[in-house]
Amino acid sequence: MEHKLFLYNTLSRTKELFVPIHPNHVGMYVCGPTVYGDAHLGHSRPAITFDLLFRYLQHLGYKVRYVRNITDVGHLENDADEGEDKIAKKARLEELEPMEVVQYFSDRYHASMDLLNVKKPSIEPRASGHMIEQINMVKEILDAGFAYESNGSVYFDVEKYNKSNHYGILSGRVLEDLLSNTRDLEGQDEKRNSFDFALWKKAQPEHIMRWPSPWSDGFPGWHLECSAMSERYLGEQFDIHGGGMDLMFPHHESEIAQSTVCNHKAPARYWMHNNMITINGQKMGKSLGNFITLDEFFSGNHKALEKAYSPMTIRFFILMAHYRSPLDFSNDALQAAEKGMTRLFKALETLEKLVPGDTSTVNVQEVETNCYLAMDDDLNSPIVIANLFEAVRIINSVFDKKESLTAQDIEMLKNILHTFIFDILGLLPEAASSAGNETIEGLMQLILDIRASARASKDWATSDKIRDDLAKVKITVKDTKEGASWSID
RNA sequence: GGUAUCAUGGCCGAGCGGUUAGGCACCGGUCUGCAAAACCGAUUACAGCGGUUCGAGUCCGCUUGAUACCUCCA
């Protein structure tokens, strides 16, 4: 099957046919988390979005090198903490080594990503492990005359850069507009212009994380690590650079400027940005303090949550919206996703039980074609899911003898669904909720046996009492053709 | 103020000029001792006002409203 994969490129604000620089190979860089806190729902969106792209590119046969960094140095606090490295700040409060904090939250981030069935990137570099590359890059930019040293810190000269290039090419900004936005911040006087950004920051005495450099003991600027690490692992120019929309400016804009000065070409050809997850219409974010961590979703342990939501529910919820649309969190939406996904997986079980017919009354091939068309159209996962539900309808109708499929078509349908549900969307069937505890299993078996004999003798009073009383302790009993089943709510 | 994005039925969410999105809820039906679950089926929409067009959620303009970025943020 011919594939013309179109991806929305923020640079051109249009969907463009994806053509890799080197045939059959794709280099992809995505901005990862800053590890000084637990991952929240918002963090799962880029992870899942670019996991979807990673999976799909691999499915199409590309050899993909996917680099997703971990930021463990370099970001500055604002306001009272201006100039202080975020990680150092947190570490001091906790009286832990900064690297201990980094390790702790990295591990927790990885655990959450594993639960969400997010594939590990090919390389996951840390900023702290690439000091030499970053310092070299600062030197290069200084040598090229696009940076200046000031009091031990080094700043990128945006105004000079903008004379030969367009600073704002990605975000659609015009430098003159940025000029009007002067704001008093500490350290501003070191800069020639407010929009200049730091390449190297001199460390204040209280800084724990610091590295020697030709200019001062300090740490690299906010945007440098991505430029340095993407170049190191993917080369001067690579295919795809991704991240959250909130990083478009100034982070990605500055990355482009830095790399362009060093390599005389734009670092990435396709820039992709996922939209935000909102809560009550507002962006979920650390600064706003309105975030819910992934662990809280998984445990249900948060006042805004009516119940616990499994990792796969979260994944399905995110895939039900297109990655460039804002997605509003709500219990209703999450529960709708949960029910829909359950129905999808139930149909997968039903599919195994279908009895083949002599002819097919529905076109199975169409499901596959439509799913591929949706994926090729800028990763339109909601449309893929809609088509999967069309398959659900087909499966159930065949099961109900309202439609018919040949053995060959049933096999094809299995292949299609497995490919899209497991391989591409990366969904996994949830583990049976009732399993695990032998004592409870045994007790429930006993209770249901007693109820079964009551029902056999049409003793509905006893049968209903057992069911009602179990319901009071949040155990649901369902009578099916194969006997009673139970689950804990 | 500047830049960008968006406004779809009870809720969530597709749609990129011309025949059904889809999910959840609700309603009707099948099944069941009853119920739940499951399954089948039907219904409800395109912020407002103009314009372009044979034809507009879909393009253009204006109005209103919302969000993001401009300061660390996925």
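Please read these numbers as outputs of a predicted model, since none were measured by experiment. Below, read A as the first sequence line, B as the second, and so on, with proteins coming before strands; counting in each chain starts at 1.
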Return yes if the base of [N] and the side-chain atoms of [X] contain a donor-acceptor N/O pair under 3.5 Å, otherwise no.
| X | N | answer |
| --- | --- | --- |
| A/Arg467 | B/C34 | yes |
| A/Asp464 | B/G33 | yes |
| A/Arg393 | B/C40 | no |
| A/Asn331 | B/C12 | no |

Establish, yes or no, whether a centroid distance under 6.0 Å links the rings of A/Tyr36 and A/Phe105.
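Judged by ring-centre distance (under 6.0 Å), A/Tyr36 and A/Phe105 do not meet the cut-off.
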
Is the gap between the ring centers of A/His241 and A/Tyr270 under 6.0 Å?
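No, the ring centres sit 6.0 Å or more apart.
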
Which residues within residues 396-404 of chain A lie with some heavy atom under 4.0 Å of an atom in RNA chain B?
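A/Asn396, A/Asp400, A/Lys402, in order of number.
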
If each of A/Ala337 and A/Phe249 is mapped to the nucleotide of RNA chain B with the nearest heavy atom, which maps nearer the 5' terminus, i.e. the 5' end?
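Nearest nucleotide further toward 5': that of A/Ala337.
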
With RNA chain B as reference, determine whether A/Gly32 or A/Phe316 sits nearer its 5' end, using the nearest nucleotide of each.
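Its nearest nucleotide lies further toward 5', so the answer is A/Phe316.
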
Between B/U3 atom P and A/Arg13 atom CZ, what is the distance in whole Å?
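Rounded to the whole Å, the gap is 12 Å.
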
With a 4.0 Å cut-off on heavy atoms, is [X] in touch with a base, just the backbone sugar-phosphate, or nothing at all?
| X | value |
| --- | --- |
| A/Gly172 | sugar-phosphate |
| A/Met284 | base |
| A/His40 | base |
| A/Ile277 | base |
| A/Lys339 | sugar-phosphate |
| A/Asp328 | sugar-phosphate |
| A/Met245 | nothing |
| A/Ala333 | sugar-phosphate |

Any [X] side-chain N or O less than 4.0 Å from OP1/OP2 of [N]:
| X | N | answer |
| --- | --- | --- |
| A/Thr278 | B/A68 | no |
| A/Lys283 | B/C69 | yes |
| A/Ser325 | B/G13 | no |
| A/Arg343 | B/C24 | yes |

Is the NZ or CZ atom of A/Arg68 positioned over A/Tyr29's six-membered ring, under 6.0 angstrom from the centre and within 45° of the axis?
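Relative to the ring axis of A/Tyr29, which defines the angle, A/Arg68 lies outside at least one limit.
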
Within 45° of the ring axis of A/Phe6 and under 6.0 Å from its six-membered ring centre, is that where the NZ or CZ of A/Lys4 lies?
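Pair A/Lys4/A/Phe6 does not count as cation-pi.
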
Relative to the ring of A/His252, is the ring of A/His273 parallel (under 30°), tilted (30 to 60°) or perpendicular (over 60°)?
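Plane angle between 30° and 60°, so tilted.
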
Parallel under 30°, tilted from 30 to 60°, perpendicular over 60°: which one fits the rings of A/Phe316 and A/Phe389?
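Perpendicular.
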
Does atom NZ (A/Lys465) have a neighbourhood of more than 12 heavy atoms from anything else shown, all under 6.0 Å?
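No, NZ of A/Lys465 has 12 or fewer neighbouring heavy atoms, counting only those of other groups under 6.0 Å.
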
B/G33 base stacked by A/Trp460 (centroids within less than 5.5 Å, tilt under 30°):
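Yes; by the centre-distance and plane-angle rule, A/Trp460 counts as stacking on B/G33.
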
For B/G33, glycosidic torsion class - syn if within 90° of 0, otherwise anti
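Anti.
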
Between A/Tyr56 and A/Asp376: side-chain donor-acceptor atoms closer than 3.5 Å:
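Yes, A/Asp376 and A/Tyr56 have a side-chain donor paired with an acceptor closer than 3.5 Å.
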
Report the C-alpha separation of A/Arg192 and A/Tyr155 in whole Å, then their side-chain angles, then the decisive distance to 0.1 Å, and conclude whether the side chain to side chain contact (heavy atoms under 4.5 Å, CB included) test is met.
CA-CA 9 Å; A/Arg192 290 181 192 163; A/Tyr155 295 97; over 6 Å; no

Anything below 3.5 Å on both distances counts as a pair; with that, list the stems of at least three consecutive Watson-Crick or G-U pairs involving RNA chain B.
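If one scans RNA chain B for consecutive Watson-Crick or G-U pairs, the stems found are B:1-7 with B:64-70, B:10-12 with B:22-24, B:27-30 with B:38-41, B:47-51 with B:59-63.
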
A/Ile447: which residues meet the side-chain contact (heavy atoms from CB on, under 4.5 Å) condition with it, sequence neighbours left out?
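A/Ile447 satisfies side-chain contact (heavy atoms from CB on, under 4.5 Å) with A/Met444, A/Ile466, A/Leu470 only.
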
